[in-house]
Amino acid sequence: MSKENENNVQTKTTSHRVVIPFYLYAAFSLLIATILLFTSTDAFLEHYFHPHILAITHLMALGWGTMVILGASHQLIPVLIDGKLYSTKLAYTSFILSAIGIPLLVYGFYTFNMGPISKWGGRFVVLSVLTYLINLGMSISKSKNDNIHSVFIFTAAAWLFITTFFGLTLVYNFTTTVLPENSVHYLPLHAHTGIIGWFLMLVIGVSSRLIPMFQISKYTNVKLLWIIYSLLNISLLLYTYIFHFSLATPNTLIPGILLFAAILLFIYYCYNSFKQRIRKQLDEQMKISLLSVVMILLPVILLLVIIFILVKTLQVQTNLATTYGFLIFFGWLTAIILGMTFKTLPFIVWNKLYHQRVGTGAVLNPKELFNNKIFTIMSLAYIAGFALFVSGILLAISALLLAGASLLLITAVLYNWNVILILTHKPETK
């Protein structure tokens, strides 16, 4: 690579100083969330609106899932648009606002106090997302390379802003009449704009680029991705319409089926990428990531079951609703982050430490920056803990919940251990 091309690549890469704080904050959030899970297992035998469940859910959604995604996207967007991030200052601002707002909001839910602390937390989070959305939009607008992946990410960010703004409205609605119904009534709409519009939209947009790249697969199908994109947005908009006009429950089957179709097509996309891969031997990180692709089906299947039950009986057991949320945040979303963290973070740190030394001698590979044995034990603890906790919710057995929570806490400790090993790595040569 010429010096000129090398400099061009460097200018399009977001500084590690912007990205790493997001990963570190997310790792710590996962640890706190699993500690709260361990100390609040009995709450999962009660209604899903329990304050402790609300606190854990928002910590997983915002502190864990959203923060690591924001960090990764700041690094990935320049690669996707073949340009550079519009503003590192906006990226720092987004991090600081979220870092302050999330614990305030989580504390408010945990103590079920929707006063000034919760409201300020919500305001900071909304401002953080708005800052991120502006930064993202300006980055894409100044780029000459539009593609389907950046469209997915920008649309997901827009849905995230809608979700957080609506969530702040619900916080206000607890103490002041802002909406026609009480806040509990709107929880399904708030949850699904975040789950489908933000997480699913973004994960599919990013994974459809990263999974082929990490497998060294040349497979791509832009037309199929546009179909998936359309199905996801139509499903969510149709669900919002049905919810707003309080249409009969059977109507919700239509957006549910569209969502199911979108996910099946995405799995088909990943399967084709897997089949046409050049790298035949997959590492443990890719195995976990591919497992998470299949795990997307679990909450969707359960969602369709819940809708069928509602059609028949007009009510559903609360443990099914709780399981649905757990499958999303501790299942599919956590699985994909556990896998992708150790594909992306080591490269970010490696690029900082070893980029200038390439060609001057043998240097370590990115995968050598973390301990693979710790990763393997973490993966086993995660799968076992997830399965036990889900069984505990469905069977209402406290011992299973406690055992599952213990293993998930171990997972978080091992995850943080490996993240710290990566971040504190000192340069060395082979």
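It should be emphasised that the depicted structure is a prediction, and the values quoted were computed from it without experimental measurement.
Arg209 meets the side-chain hydrogen bond (donor to acceptor under 3.5 Å, both in side chains) test with no other residue; sequence neighbours excluded. Remark: Ser235 pairs with no residue by the side-chain hydrogen bond (donor to acceptor under 3.5 Å, both in side chains) rule, at least two apart or across chains.
Residues Gly71 and Val19 come closest through the heavy atom pair O-CG1, 3.3 Å. Of all the heavy atoms in Ala26 and Trp64, the pair that sits closest is O-CE3, 3.2 Å. Residue Ser118 comes nearest to Asn113 through the heavy atom pair OG-O, 2.6 Å, listed as atom of the first residue, atom of the second, then distance. Heavy atoms only, all atoms of each residue included: Leu414 and Ile374 are closest at O-CG2, 3.7 Å. Across every non-hydrogen atom of Leu338 and Phe342, the tightest pair is O-CD1, 3.2 Å. A pairwise comparison of heavy atoms in Ile410 and Ala381 identifies CG2-CB, 4.3 Å as the closest pair.
Going from atom CG of Leu327 over to atom OG1 of Thr334 covers 11.0 Å, rounded to the nearest 0.5 Å. The line from CG of Leu265 to CG of Leu225 is 10.0 Å long, rounded to the nearest 0.5 Å. If you take OG on Ser29 and CG on Leu36, they are separated by 10.5 Å, rounding to the nearest 0.5 Å. Rounded to the nearest 0.5 angstrom, Leu80 CG and Ser139 OG are separated by 11.5 Å. A distance of 10.0 Å separates CD1 in Ile267 from CD1 in Ile228, rounded to the nearest 0.5 Å. To the nearest 0.5 angstrom, Ile140 atom CD1 is 7.0 Å from Ile153 atom CD1.
One side chain, Thr175 or Lys119, offers a donor N or O that lies under 3.5 Å from an acceptor on the other. Side-chain N/O atoms of Thr155 and Tyr229 include a donor and acceptor closer than 3.5 Å. There is a side-chain donor-acceptor pair under 3.5 Å between Thr193 and Thr163. Using a 3.5 Å distance cut-off with no hydrogens or angles, the side chains of Ser208 and His149 do pair a donor with an acceptor. A donor-acceptor contact closer than 3.5 angstrom is absent between the side chains of Thr164 and Trp198. For the residue pair Ser94/Thr131, the side-chain donor-acceptor check at 3.5 Å is not satisfied. There is a side-chain donor-acceptor pair under 3.5 Å between Ser73 and Tyr132.
In this structure the side chain of Leu333 never reaches within 4.5 angstrom of the side chain of Ile195, judged on heavy atoms. Tyr86 places none of its side-chain heavy atoms less than 4.5 Å from the side chain of Ile134. Annotation: side chain of Leu200 is in contact with side chain of Trp332 (closest heavy-atom distance under 4.5 Å). Leu237 is not listed as a side-chain neighbour of Tyr241, based on a closest heavy-atom distance of 4.5 Å or more. With contacts defined as side-chain heavy-atom distances shorter than 4.5 Å, the pair Val125/Ile102 qualifies. Between Asn351 and His16 the shortest side-chain heavy-atom distance does not fall below 4.5 Å. Between Asn233 and Met201, the closest side-chain pair of non-hydrogen atoms falls below 4.5 Å. Between Phe44 and His50, the closest side-chain pair of non-hydrogen atoms is not below 4.5 Å.
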What's the verdict on side-chain contact (heavy atoms from CB on, under 4.5 Å) for Asn221 and Tyr269, showing C-alpha distance, side-chain angles and the deciding distance? CA-CA 8 Å; Asn221 190 330; Tyr269 182 95; 4.1 Å; yes
Worked verdict on Tyr219 versus Phe274 for side-chain contact (heavy atoms from CB on, under 4.5 Å): CA-CA 9 Å; Tyr219 175 78; Phe274 176 80; over 6 Å; no
Can you list the steps and then say if Trp159 with Ile196 is a side-chain contact (heavy atoms from CB on, under 4.5 Å)? CA-CA 9 Å; Trp159 278 114; Ile196 300 170; over 6 Å; no
Would you sort out whether Leu189 and Tyr239 count as a side-chain contact (heavy atoms from CB on, under 4.5 Å), showing the intermediate values? CA-CA 8 Å; Leu189 181 59; Tyr239 173 74; 4.0 Å; yes
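Between Phe49 and Phe174, the ring planes lie parallel to each other; the angle is under 30°, not in the 30° to 60° tilted range. Using the six-membered ring where Trp is involved, Phe347 and Trp350 have ring planes that are parallel, under 30° apart on the 30 and 60° scheme. Between Phe326 and Phe330, the ring planes are parallel. Angles under 30° get that label, and only those over 60° would be called perpendicular.
A donor-acceptor pair is defined here as one N or O able to donate and one able to accept, closer than 3.5 Å; such a pair exists between the side chain of His192 and the backbone of Pro188. Side chain of Thr176 to main chain of Val178: no donor-acceptor pair is present (N/O by atom type, distance under 3.5 Å, no hydrogens or angles). A donor-acceptor pair under 3.5 Å is formed between the side chain of Asn173 and the backbone N or O of Glu181. Asn135 places no side-chain N or O within 3.5 Å of a backbone atom of Leu90 that could act as its donor or acceptor partner. Listed for the Thr169 side chain is a donor-acceptor partner under 3.5 Å among the backbone atoms of Phe165.
A distance of 6.0 Å or more separates the ring centres of Tyr92 and His74. Annotation: Tyr23 is not in aromatic contact with Phe28 [ring centroid separation under 6.0 Å not met].
Residue Tyr268 qualifies as open at atom OH: its count of foreign heavy atoms under 6.0 Å is 12 or below. When the shell of 6.0 Å around CZ of Phe161 is examined, it contains more than 12 heavy atoms from other residues, nucleotides or ligands. Tyr107 OH: 12 or fewer foreign heavy atoms inside a 6.0 Å radius.
Among residues at least two apart or in separate chains, side-chain hydrogen bond (donor to acceptor under 3.5 Å, both in side chains) pairs with a member in residues 30-45 are Ser40-His52. Contacts classified as side-chain hydrogen bond (donor to acceptor under 3.5 Å, both in side chains) and involving residues 402-422 (residues at least two apart or in different chains) are given here: Thr341-Tyr415.
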Show me, pair by pair, the donor-acceptor contacts under 3.5 angstrom made by side chains of residues 56-63, not counting sequence neighbours?
residue: Thr57; atom: OG1; partner: Ile53; partner atom: O; Å: 2.7
residue: His58; atom: ND1; partner: Leu54; partner atom: O; Å: 2.8

Side-chain donor-acceptor pairs under 3.5 Å in residues 383-404, sequence neighbours left out?
residue: Ser391; atom: OG; partner: Ala387; partner atom: O; Å: 2.8

